[in-house]
Visitor: 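Dropping the structure in here first, questions after.
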Amino acid sequence: MTDNTEISREAKPLDFIRQIIAEDLRSGKHQQTVTRFPPEPNGFLHIGHAKSICLNFGIALENNSPCHLRFDDTNPSKEESAYVESIKRDVKWLGFDWGQDLFYASDYFDRLYGYAIQLIKLGKAYVCELSAEEIRAYRGTLTEPGKESPYRNRTIEENLDLFQRMKDGEFDEGSRVLRAKIDMGSPNLNMRDPVIYRILKVAHHRTGNTWCIYPMYDYTHCISDAIEGITHSLCTLEFEDHRPLYDWFLDTLKTACHPRQIEFARLNLTYTVMSKRKILQLVQGDYVQGWDDPRMLTISGLRRRGYSASAIRKFCTDIGIGKKESWIDMSVLENAVRDDLNETAPRVLVVLNPLKVIIDNYPQGQSEEMEAQNHPQRPEMGSRKIPFSREIYIERDDFMEDPPKKFFRLGPDREVRLRYGYFIRCVSVVKDAASGEITEIHCTYDPETRGGSAPDGRKVKGTIHWVSAAHAIQCPVRLYDRLFLTENPDADKQVDFKEHLNPNSLTILDNCMLEPSLAKAQAGESFQFERHGYFCADLISSQPGAPAFNRTVTLRDSWIKTDKS
RNA sequence: UGGGGGAUGGUCUAAUGGUAAGACAGCGGACUCUGACUCCGCUUAUCGAGGUUCGAGCCCUCGUCCCCCAGCCA
């Protein structure tokens, strides 16, 4: 990371979490902060995780202190090391560095087991033989207290023996659990003797078959935080009810370190779904082409789509941190990437839907090179040559036979400027006799207007992009649109969210014409296709000399919004 | 009819007893060899009712609405 301030949001007022931290530092409660990002390796990271990553690692950067990457891997039936690798890659790509502080909850399985024995010896945990269904029934409801398990008052010795035998694999899955002994009458259901260990005869991605009992999240998370000396344990709102339990474990075990859990609102974005479960469904049901499908708001999908890490970081600081459930408009994300790419992306000319233009008075067989700026606002980015010749392609949308008043582009007997080229005037239109479709148009050019201005001072309102037909590189371009048609695909619980999928979220154009300089586009490189938007050479399907492009985001377009009649 | 949270323009976020501010979106205009960028201007908000106070988005009381919790998931 070269520039911390970019990540660390200098000017913005402190959010409520940073205020708490500032106060803890000021009062001397803590000398430094230690935060952590604790993903479960059961899927790919998405934009919602980015919010948490930017928060936790951002705080670390601001305070020159560590942020741990800790995998919360206590449920081997859902977790895989492939996910671990993808998560590490994505956090790194986002620009963050955990240094030496890479941890796994599974690193603590021995200590967690020891703490459980301690709990038993304290008379605060017991082995319960109720079935899952019975435990649920005994738990009571939101308005009625639970009932105590008949196994609740076993002796410490008996519990120790049974727990040992659970660990040794003597019992079947589901036949016994270890429970904390708290309060079956608590209005907080999390405190009604929660399960802390269950039997799972499943191999773990790191510990293999060493264990057949695995600790639950509530038990594991607080102890892992305490072991690592975390000062502020930041999580999402749904864990608010778990905080008393988090505190109970640490108080009961009298750990030396007792981190403070603080909850903030998770990210919701319009026109998408954020839950891992639903994202998994899209991947496994082939509604998209994998976790890194550019329509997905996974980190890997966004990367392939052409989002820069800095755009994602900017988005995360833009949206802020709060405690109320919020829905961020997709336009905020799009704005962040436009802002970023506008600064950095070289400009190029690309015709997406070609229409052949023949310049009747331009000499046959001649061509010349026109000078084009790589970034008009940033001369230091230099310029390049683009070939011009008698036959060119322009955008089909840039010609209308019967244009409305405010159409500044080409039409019969109208004149436009070719970007970095000449003024041309349309003299005739050729159509396919059968279909009536325009197949080519004929124009004349004004040799005096080379470079784009007329010595006689006449103005043209429109400037359009073009590519020399003889020099163009034909290329596929994928146009992406939002994956869902409705703002909140989850809103109606009666309707499956997949019903709201946008059938036109992907459009493949295979006859696009690139200016020749794009032959050397590197996979992953971003460009602005002038008058269209930002595009990046696809990470996977681009070949040297034969790129394929993904549209990251369109340019803002006030023309499509105007009343064209 | 339990418990835990939350309500500021269309959407987010700020204002921490003292002029309700910024971003996104929207609308209008200027500029323009990208209908982009940039610039300028505008519309739009403190959930309700009481109270405390010289002064309340902020404090108090009573309401209303929304979200979360009954996994051997995290």
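Per chain, numbering begins at 1; letters A, B, ... match sequence-line order. What you see below is based on every heavy atom in this structure, not just the backbone, and it leaves out hydrogens, waters and symmetry mates.
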Visitor: State the dot-bracket string of RNA chain B. Criteria: Watson-Crick or G-U wobble, both atom distances under 3.5 angstrom; notation: ( ) intrastrand, [ ] crossing earlier pairs, | interstrand, . unpaired.
Guide: .((((((..((((....[..)))).(((((.......)))))....(((((..]....))))))))))).....

Visitor: Only one of A:R347, A:E395, A:R419 clears side chain to side chain donor-acceptor pair (under 3.5 Å) with A:H465; which?
Guide: A:E395

Visitor: Assign each of A:G462 and A:E240 to its nearest nucleotide of RNA chain B by heavy atoms, then name whichever residue's nucleotide is nearer the 5' end.
Guide: A:E240

Visitor: How is A:R139 classified with respect to the nucleic acid when contacts are heavy atoms under 4.0 Å: base, sugar-phosphate, or nothing?
Guide: sugar-phosphate

Visitor: Using a heavy-atom cut-off of under 4.0 Å over every strand shown, decide if A:T141 touches base, sugar-phosphate, or nothing.
Guide: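 Counting heavy atoms under 4.0 Å across all strands, the contact made by A:T141 includes a base.
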
Visitor: Mark up nucleotides 17-32 of chain B, 5' to 3', with B wherever a protein heavy atom is under 4.0 angstrom from a base atom, S wherever such an atom reaches only the sugar-phosphate, and - elsewhere.
Guide: -------SSS-----B

Visitor: Looking only at atom types and distance, does a side-chain atom of A:R450 sit under 3.5 Å from a main-chain N or O of A:Y422, one as donor and one as acceptor?
Guide: no

Visitor: In this structure, which one of A:E515, A:E368, A:E369 forms a side-chain contact (heavy atoms from CB on, under 4.5 Å) with A:I386?
Guide: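 Exactly one option meets the side-chain contact (heavy atoms from CB on, under 4.5 Å) with A:I386, and it is A:E515.
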
Visitor: Side chains of A:I47 and A:L267: closer than 4.5 Å at any heavy-atom pair?
Guide: yes

Visitor: When you measure only distances, ignoring hydrogens and angles, does the side chain of A:Q528 come within 3.5 Å of the base of B:U34 through a donor and an acceptor?
Guide: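 Looking at the base of B:U34, it does pair with a donor or acceptor on the side chain of A:Q528 (distance under 3.5 Å).
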
Visitor: Contact class for A:R192 (heavy atom, under 4.0 Å): base, sugar-phosphate, or nothing?
Guide: nothing

Visitor: Would you mind classifying the nucleic acid contact of A:Y534 as base, sugar-phosphate or nothing, using non-hydrogen atoms under 4.0 angstrom?
Guide: nothing

Visitor: Check the distance between B:G6's P and A:I321's CD1 and give it to me in whole angstrom.
Guide: 15 Å

Visitor: Atom CZ of A:F163 and atom C1' of B:C72: how far apart are they, to the nearest Å?
Guide: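 Spelled out: CZ on A:F163 to C1' on B:C72 is 13 Å.
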
Visitor: Using atom C1' of each nucleotide, how far apart are B:G48 and B:U8 to the nearest Å?
Guide: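 Their C1' atoms lie roughly 15 Å apart.
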
Visitor: Check the side chains of A:E263 and A:Q261 for a donor-acceptor pair under 3.5 angstrom, ignoring hydrogens and angles.
Guide: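 There is such a pair between these side chains.
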
Visitor: Do you know which of A:Y197, A:F109, A:Y108 makes ring pair (Phe, Tyr, Trp, His ring centres under 6.0 Å) with A:Y214?
Guide: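 Exactly one pass, corresponding to A:F109.
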
Visitor: Nearest to the side chain of A:E40 - B:U34, B:A70, B:C73?
Guide: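 Side chain of A:E40 sits closest to B:C73.
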
Visitor: Figure out the CG/P separation between A:N268 and B:U13, and round it to whole Å.
Guide: 11 Å

Visitor: Grab the CZ-P distance between A:F527 and B:U34 for me, whole Å please.
Guide: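 Result: 21 Å.
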
Visitor: Does the A:D168 side chain pair with the main chain of A:E170, one donor and one acceptor, at a distance under 3.5 Å?
Guide: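 Pair absent, no side-chain N/O of A:D168 close to backbone of A:E170.
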
Visitor: Think A:R266 has a side-chain N or O under 4.0 angstrom from the OP1 or OP2 of B:C68?
Guide: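 Negative; the distance criterion is not met.
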
Visitor: Taking atom P in both B:C12 and B:C37, what distance in whole Å separates the two?
Guide: 24 Å

Visitor: Measure the distance from CZ on A:F315 to P on B:U11 and round it to the nearest whole Å.
Guide: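 That distance rounds to 16 Å.
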
Visitor: Could you identify which residues of residues 130-137 of chain A place a heavy atom less than 4.0 Å from some atom of RNA chain B, listed by residue number, or say none?
Guide: A:L130, A:S131, A:A132, A:I135, A:R136

Visitor: Which listed nucleotide (B:C37, B:G5, B:U13) is nearest to the side chain of A:K323?
Guide: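 Minimum distance to the A:K323 side chain belongs to B:G5.
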
Visitor: Which nucleotide sits closest to the side chain of A:M216: B:G71, B:A15, B:C12?
Guide: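 The answer is B:G71.
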
Visitor: Considering residues, nucleotides and ligands other than A:R425, do more than 12 of their heavy atoms fall under 6.0 Å from its CZ?
Guide: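 Enclosed: over 12 neighbouring heavy atoms sit under 6.0 Å from CZ of A:R425.
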
Visitor: With rounding to the closest Å, how many angstrom separate the P atoms on B:G10 and B:G5?
Guide: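 One P to the other, the span is 29 Å.
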
Visitor: Work out how far the C1' atom of B:C59 is from that of B:U52, and round it to whole angstrom.
Guide: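 Going atom to atom, C1' in each nucleotide, I get 8 Å.
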
Visitor: A:S233 and A:R36: side-chain donor and acceptor closer than 3.5 Å?
Guide: yes

Visitor: Side-chain N or O of A:R176 versus OP1/OP2 of B:C72: is the shortest distance under 4.0 Å?
Guide: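 A:R176 to B:C72 OP1/OP2: no side-chain N or O under 4.0 Å.
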
Visitor: Can you tell me how far C1' of B:C72 sits from OH of A:Y138, to the nearest Å?
Guide: 17 Å

Visitor: Taking atom P in both B:U43 and B:A7, compute the distance separating them and give it to the nearest angstrom.
Guide: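 Taking atom P in both B:U43 and B:A7, they lie 27 Å apart.
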
Visitor: Just checking A:F239 against A:Y246, ring centres under 6.0 Å apart?
Guide: no

Visitor: Among B:C67, B:U13, B:C72, find the nucleotide with the atom closest to the side chain of A:V177.
Guide: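 The answer is B:C72.
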
Visitor: If you measure from the C1' atom in B:U11 to the same atom in B:U53, how many Å do you get, rounded?
Guide: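 Pairwise C1' distance, B:U11 against B:U53, rounds to 34 Å.
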
Visitor: Which one, B:A36, B:A74, B:C72, comes nearest to the side chain of A:L555?
Guide: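 Output: B:A36.
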
Visitor: Taking for each residue the nucleotide of RNA chain B bearing the nearest heavy atom, is the 5' side occupied by A:S453 or by A:E79?
Guide: A:S453

Visitor: Under 4.0 Å, counting only non-hydrogen atoms across every strand here, what does A:P145 touch: a base, just sugar-phosphate, or nothing?
Guide: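 Answer is nothing: A:P145 stays at 4.0 Å or more from every strand.
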
Visitor: With rounding to whole Å, what would you report as the distance between B:U13 and B:G3 at their P atoms?
Guide: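 Per the computed distance, 27 Å lies between those P atoms.
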
Visitor: With a 3.5 Å cut-off and no angle check, do the side chains of A:S186 and A:N188 form a donor-acceptor pair?
Guide: no

Visitor: Just N and O in the side chain of A:T220: are any of them under 4.0 Å from OP1 or OP2 of B:A74?
Guide: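 No, because none of the side-chain N or O atoms of A:T220 sits under 4.0 Å from OP1 or OP2 of B:A74.
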
Visitor: Looking at every strand, decide which applies to A:D241 at a 4.0 Å heavy-atom threshold: base, sugar-phosphate, or nothing.
Guide: base

Visitor: Mind checking whether A:F535 and A:H532 have parallel, tilted or perpendicular rings, split at 30° and 60°?
Guide: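 A:F535 vs A:H532 ring planes: perpendicular.
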
Visitor: Would you mind reading off the distance between A:W327 atom CH2 and B:U11 atom P, rounded to a whole angstrom?
Guide: 13 Å

Visitor: Expressed as a whole number of Å, how far does the C1' atom of B:G50 sit from that of B:A21?
Guide: 29 Å

Visitor: Which is true for A:L237 with a 4.0 Å heavy-atom rule: it touches a base, it touches only sugar-phosphate, or it touches nothing?
Guide: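 Nothing, no heavy atom under 4.0 Å.
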
Visitor: Can you confirm if the aromatic rings of A:H242 and A:H221 lie within a centre distance of less than 6.0 Å?
Guide: no

Visitor: Across the strands shown, which category fits A:Q377 at heavy-atom distances under 4.0 angstrom: base, sugar-phosphate, nothing?
Guide: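 Answer is base: heavy atoms of A:Q377 come under 4.0 Å of a base.
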
Visitor: Taking syn as within 90° of 0 and anti otherwise, name the glycosidic form of B:G71.
Guide: syn

Visitor: What is the nucleic acid contact for A:R243, judged by heavy atoms within less than 4.0 Å: base, sugar-phosphate only, or nothing?
Guide: nothing

Visitor: Verify the stacking flag for A:Y217 against B:A74: centroid separation must be under 5.5 angstrom and the ring planes must differ by under 30 degrees.
Guide: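 Taking the rule of under 5.5 Å and under 30°, the ring of A:Y217 does not stack on B:A74.
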
Visitor: How about A:Y420 and A:F388: are their ring centres within less than 6.0 Å of each other?
Guide: no

Visitor: Under 4.0 Å, heavy atoms only, any strand: does A:H242 hit a base, just the sugar-phosphate, or nothing?
Guide: base

Visitor: Would you say A:H68 and A:E228 are linked by a side-chain donor-acceptor pair, where the criterion is simply a distance under 3.5 Å?
Guide: yes

Visitor: Between B:G2, B:C12, B:G35, which nucleotide gets closest to the side-chain atoms of A:R409?
Guide: B:G35

Visitor: Over all strands shown, is A:F239 touching base, sugar-phosphate only, or nothing at heavy-atom distances under 4.0 angstrom?
Guide: base

Visitor: If we ignore hydrogens and angles and just use 3.5 Å, is the side chain of A:R396 paired with the main-chain N or O of A:N353 as donor and acceptor?
Guide: no

Visitor: Which part of the nucleic acid, if any, lies within reach of A:Y214 when heavy atoms closer than 4.0 Å are counted: base, sugar-phosphate only, or nothing?
Guide: nothing

Visitor: In whole angstrom, what separates A:D218's CG from B:C69's P?
Guide: 13 Å

